[in-house]
Visitor: 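Sharing a structure below in structure tokens format, with a few things to ask.
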Number of protein chains: 2
Amino acid sequence: MAGRGDATRARLIDAARTLVEERGYFGAGLNDVIAAGRAPRGSLYHHFPGGKDQLVAEALAVSGREVTELIAGLAAEASDTAELIEAVLDALADRMEAAGYAKGCPIAAVALEAASGNDVLQRVCADVYGGWERALADRLIADGHAPGRADDLAGSLLALVEGSLVLARAQRSRTPVERARRSARTMLGS
Amino acid sequence: MAGRGDATRARLIDAARTLVEERGYFGAGLNDVIAAGRAPRGSLYHHFPGGKDQLVAEALAVSGREVTELIAGLAAEASDTAELIEAVLDALADRMEAAGYAKGCPIAAVALEAASGNDVLQRVCADVYGGWERALADRLIADGHAPGRADDLAGSLLALVEGSLVLARAQRSRTPVERARRSARTMLGS
DNA sequence: GTCTATAGCCAGATAGAC
DNA sequence: GTCTATCTGGCTATAGAC
């Protein structure tokens with residue numbers, strides 16, 4: 001049954017996605033989330049009886065799917081994996097710059113804060129990263145790499161992307177992402 | 001004048017370093033810091049009149065210097081940059097695993113949480129990353145790389161290290177770091 | 001310079017009217 | 001299912017005895 005309640009739910013998830021990406025799990029207060037989502041406190045616990053953990057877990061999963069779809073969309077237009085990585089980095093860097101370096105990877109901050117101490121969120125982050133890695137590895141295999149080698153490469157390409165976003169936000173500069181762009185090509189040997 | 005006050009100060013910085021690395025800026029409460037540092041509340045504000053921001057800024061700076069020294073120490077034994085990166089990754093991975101994936105990069109979580117919204121901490125993180133990058137670039141130049149190329153490579157190697165630590169903590173696995181180890185060699189073309 | 005007590009505020013969560 | 005009022009507890013920071 002789709003109703004107005006779903007709209008409220010969606011707004012809360014959207015607000016959580018934004019605030020969690022900008023300030024992390026502990027930095028994103030629920031008061032800010034309900035204000036940004038224009039929802040009363042009660043609605044939050046109606047839609048997310050599991051409280052903050054459930055809301056953030058769902059927000060991370062949605063962001064994860066969005067990036068997976070971004071990768072799939074860009075993969076359809078890229079002629080090889082190197083072009084795909086470049087397109088992904090360009091898209092993420094544009095988004096980051098447009099947000100004044102308040103955005104980068106939507107799940108990295110939570111991944112670090114929750115690595116120890118919150119098993120539910122740690123699992124969600126691991127799954128999201130696993131999905132992105134899988135998408136890259138599939139493309140590498142389609143490009144002719146051996147499966148085992150493809151997994152290794154996909155993991156390192158993802159690490160390069162993630163790390164460049166951390167450095168770019170810390171230094172408020174697009175440079176680390178552009179360097180990663182070039183290095184990805186070197187890693188892929190083309 | 002070295003006195004007992006300095007010991008208290010050092011304990012507080014040490015406690016802040018640990019807790020901030022594990023849970024980030026917002027996740028590391030001062031109550032936990034003073035408990036771990038075995039110091040009363042008043043001492044914290046005596047030694048750090050600037051409050052939490054000053055304490056965390058100093059903690060990040062100390063951690064930054066420690067890693068810089070780690071790089072310098074390992075560089076003295078490594079025969080080339082590839083060996084240096086491998087040794088750095090091994091050391092960080094050992095530390096991470098020993099801590100049950102509660103540790104990784106001592107400043108990454110804060111870098112993400114403070115990228116927007118806390119100019120003081122953002123600057124500290126940018127400086128620390130800049131110092132590590134400089135140390136790697138210097139070694140690359142010593143190995144015969146052209147300065148401009150060395151800066152690019154150093155930035156990407158650092159991104160690869162940082163990203164692999166994020167993935168490793170999220171997945172609670174050493175694998176991402178080991179993949180980065182191999183890929184660093186590919187990036188350096190040896 | 002060490003330490004306690006507490007102010008003042010905001011967090012996450014809940015109860016219950018409508 | 002929407003919304004308000006409120007509970008409890010934790011947070012950062014400060015005041016002031018010793």
Side-chain angles (χ1 to χ4, degrees), chain A residues 1-60 109-110 113-114 116-121 124, chain B residues 1-20 22-60 109-110 113-114 117-121 124:
Chain A
M1 301 278 224
R4 290 189 52 234
D6 290 342
T8 299
R9 221 188 111 93
R11 277 205 313 279
L12 283 169
I13 289 186
D14 226 52
R17 288 176 61 194
T18 301
L19 289 166
V20 165
E21 180 169 2
E22 291 184 3
R23 301 159 53 91
Y25 175 81
F26 294 110
L30 291 187
N31 285 335
D32 294 336
V33 172
I34 60 179
R38 298 185 309 283
R41 301 195 71 74
S43 292
L44 194 155
Y45 288 95
H46 169 71
H47 291 293
F48 305 93
K52 187 178 190 179
D53 278 11
Q54 186 190 347
L55 170 63
V56 172
E58 292 199 33
L60 294 177
V110 180
E113 291 175 298
S116 56
N118 190 322
D119 290 348
V120 175
L121 293 179
V124 174
Chain B
M1 304 278 226
R4 289 187 54 232
D6 290 342
T8 300
R9 221 189 112 94
R11 277 205 314 278
L12 283 169
I13 288 186
D14 226 52
R17 288 177 61 193
T18 300
L19 289 166
V20 164
E22 291 183 5
R23 302 159 53 90
Y25 175 82
F26 295 110
L30 291 186
N31 284 336
D32 294 336
V33 172
I34 59 178
R38 299 185 308 285
R41 301 196 71 73
S43 292
L44 194 155
Y45 289 95
H46 170 71
H47 291 292
F48 305 92
K52 188 178 189 178
D53 279 12
Q54 186 190 347
L55 171 64
V56 173
E58 292 198 32
L60 294 177
V110 180
E113 292 174 297
N118 191 322
D119 290 347
V120 174
L121 293 179
V124 173

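Residue numbers start from 1 in every chain, and the chains themselves are labelled A, B, ... in the order their sequence lines are given, proteins ahead of strands.
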Visitor: Between C1' on C:dA13 and NE2 on A:H46, what's the gap in Å once rounded to a whole number?
Guide: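 Spelled out: NE2 on A:H46 to C1' on C:dA13 is 16 Å.
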Visitor: Which residue lies toward the 5' end of DNA chain D, B:Y45 or A:A39, if each is placed at its nearest nucleotide?
Guide: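 Of the two residues, A:A39 wins.
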Visitor: Strictly below 4.0 Å: does B:H47 bring a side-chain N or O up to OP1 or OP2 of C:dT2?
Guide: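 It does, given that an N or O in the side chain of B:H47 lies less than 4.0 Å from OP1 or OP2 of C:dT2.
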Visitor: Can you give me the N/O atom pairs linking the protein to nucleotides 7-11 of chain D at distances under 3.5 Å, or say none if there are none?
Guide:
| from | atom 1 | to | atom 2 | distance (Å) |
| --- | --- | --- | --- | --- |
| D:dC11 | OP2 | B:N31 | ND2 | 2.5 |

Visitor: Throw together a table of side-chain donor-acceptor distances under 3.5 angstrom for residues 28-45 of chain A, partners on residues two or more places apart or in other chains.
Guide:
| from | atom 1 | to | atom 2 | distance (Å) |
| --- | --- | --- | --- | --- |
| A:N31 | OD1 | A:R41 | NH1 | 2.3 |

Visitor: Rounded to whole angstrom units, what separation is found between the CD atom of B:Q54 and the P atom of D:dA13?
Guide: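 Value for this atom pair: 11 Å.
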Visitor: For nucleotides 4-6 of chain D, which of its nitrogen or oxygen atoms have a protein nitrogen or oxygen under 3.5 Å away, and what is each distance?
Guide:
| from | atom 1 | to | atom 2 | distance (Å) |
| --- | --- | --- | --- | --- |
| D:dT4 | O4 | A:G42 | N | 3.3 |

Visitor: Rounding to a whole Å, what distance do you find between A:I34:CD1 and C:dC10:P?
Guide: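 A:I34 atom CD1 is separated from C:dC10 atom P by 14 Å.
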Visitor: What integer distance in Å separates B:R38:CZ from C:dC3:C1'?
Guide: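 Checked: the CZ to C1' distance equals 16 Å.
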Visitor: When you measure from the side chain of A:E113 to the backbone N and O of A:Y25, does any donor-acceptor pair fall under 3.5 Å?
Guide: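 Present.
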Visitor: Do A:R9 and A:H46 come within less than 4.5 Å of each other through their side chains, counting heavy atoms only?
Guide: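 The answer is no, as the side chains (C-beta and beyond) never meet within the 4.5 Å cut-off.
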Visitor: Can you give me the closest heavy-atom contact between B:G24 and B:A109, atom names plus distance?
Guide: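 B:G24 and B:A109 have their closest heavy atoms at CA-CB, 3.8 Å.
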Visitor: For the pair made of CG in A:L12 and C1' in D:dC3, what is the distance, rounded to whole Å?
Guide: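 Value for this atom pair: 13 Å.
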